[in-house]
Protein chains: 2
Amino acid sequence: MFLKTTEYALRAVLYIARESHEDRRVSLAAVARAIGSPASFTAKIMQQLSRDNRIVCSVRGPGGGFYMTPASRQLPMQAILEAMGEEHLMTKCVLGLRQCSEKQPCPMHEAYQPVKAGLMRLFTHHTIGEMAGEPEWRKRLQQKRRPGLKR
Amino acid sequence: MFLKTTEYALRAVLYIARESHEDRRVSLAAVARAIGSPASFTAKIMQQLSRDNRIVCSVRGPGGGFYMTPASRQLPMQAILEAMGEEHLMTKCVLGLRQCSEKQPCPMHEAYQPVKAGLMRLFTHHTIGEMAGEPEWRKRLQQKRRPGLKR
DNA sequence: TGAATAAAAGACAAAATTATCCTTAATTAT
DNA sequence: ATAATTAAGGATAATTTTGTCTTTTATTCA
């Protein structure tokens, strides 16, 4: 569906939405560990996500790291795709045809239409904060982070 | 959504389903032109699709080319994805997590579920022949092939 | 101010995907 | 049989994506 980069970005933002506040920041290393992406690669992704502090905010120096404001949590999930330059994946033709449209439909257009609509709805109708609200996720990440944890 | 290779494969099979019969074969060059993919790259894709003549059949020599049998037209669209080794894209987690499941859902699992179901339905419930049945497609391909056509 | 910390930025490397070219094998027609 | 045609197969190259490493900049604290 998405590029690995974008998958990492989605994971990272959801993680930060859970774990951070204005005063409690999470480090790059913590993010990388949590989302299972190499640290220096994660760094590049975080740069895209924190450009202009639009989606996540970043602070350098001791005690620094990343966090999200309440305002950013109100952004639709789509904002993450936009930051990564992959928002077109929601509207793209299944066959990858540029000219495909309602007027000039590809053979799969009609059948794919409801899937596309569902995708768009998924990313436009849900905010980041909303998506980050699931409790199962955090539990699993902690299991993963310390595999040898007893019980 | 899919790799370019797979998009080409889907386009190629739908094109061949339309244009060919046991006795009327389409050449590699024709397929490549129709789907807008470089000829030698298309050749590689056709090799995957005609392996064991499972999806398309191929014939070498003068008058040769590719065609589809009525039996192949009955295959679900999914068969094309399988031939290209991308069937997992239908069932994959949006965040790309391997462990994501009903029991261990990622934050987007529940919301993505209906989209995934739609995707799977799209490729399992529709046959290649069915999908190839749209008249608009052929018209557009012919326009594209000869851009300077009068009228 | 100076040292330590943590992200930003840039250069570079590896891997995967996409694309090209050349040779071989199969089929048809002469 | 020989030549011509068309796909198969193999080797190689270009591009994109993914990943790494080093240096720079901002911030905090002593």
How many angstroms lie between CD in B/Glu7 and CZ in B/Phe2, if you round to the nearest 0.5 Å?
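Here the interatomic distance stands at 8.5 Å.
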Are OP1 or OP2 of [N] and a side-chain N or O of [X] less than 4.0 angstrom apart?
X: B/Thr5; N: C/dT18; answer: yes
X: B/Tyr8; N: C/dT18; answer: no
X: B/Lys4; N: C/dA19; answer: yes
X: A/Ser50; N: C/dA8; answer: yes
X: A/Ser40; N: D/dC21; answer: no

A side-chain contact here means heavy atoms from C-beta on lying under 4.5 Å apart; do [X] and [Y] qualify?
X: A/Ile55; Y: A/Ser72; result: no
X: B/Val31; Y: B/Ile45; result: no
X: B/Met131; Y: B/Leu122; result: yes
X: A/Gln48; Y: A/Met84; result: yes

Heavy-atom protein contacts under 4.0 Å, nucleotides 25-30 of chain D, coded B base, S sugar-phosphate only, - none:
BBBB--
Atom [atom1] of [X] to atom [atom2] of [N]: distance rounded to whole Å?
X: A/Gln48; N: C/dA7; atom1: CD; atom2: P; result: 17 Å
X: B/Asn53; N: C/dA26; atom1: CG; atom2: P; result: 14 Å
X: B/Phe41; N: D/dA7; atom1: CZ; atom2: C1'; result: 17 Å
X: A/Lys44; N: C/dA7; atom1: NZ; atom2: C1'; result: 11 Å
X: B/Leu28; N: C/dA26; atom1: CG; atom2: P; result: 18 Å
X: A/Met46; N: C/dA9; atom1: CE; atom2: C1'; result: 16 Å
X: B/Ile45; N: C/dT17; atom1: CD1; atom2: P; result: 13 Å
X: A/Tyr67; N: C/dA7; atom1: OH; atom2: P; result: 13 Å

For the residue pair B/Tyr67 and B/Tyr15, is the inter-centroid distance of their aromatic rings smaller than 6.0 Å?
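So the answer is no for these two rings.
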In terms of side-chain heavy atoms of B/Leu3, which of D/dA8, C/dA7, C/dT17 is nearest?
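That would be C/dT17.
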Please check: side-chain N/O of A/Arg73 versus main-chain N/O of A/Thr127, any donor-acceptor pairing under 3.5 Å?
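No, A/Arg73 side chain to A/Thr127 backbone: no donor-acceptor pair under 3.5 Å.
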Record whether the side chain of A/Gln47 comes under 3.5 Å of the base of C/dA9 through a donor-acceptor pair of N or O atoms.
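Yes.
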Base, sugar-phosphate, or nothing for A/Ser58, non-hydrogen atoms under 4.0 angstrom?
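Touches sugar-phosphate only.
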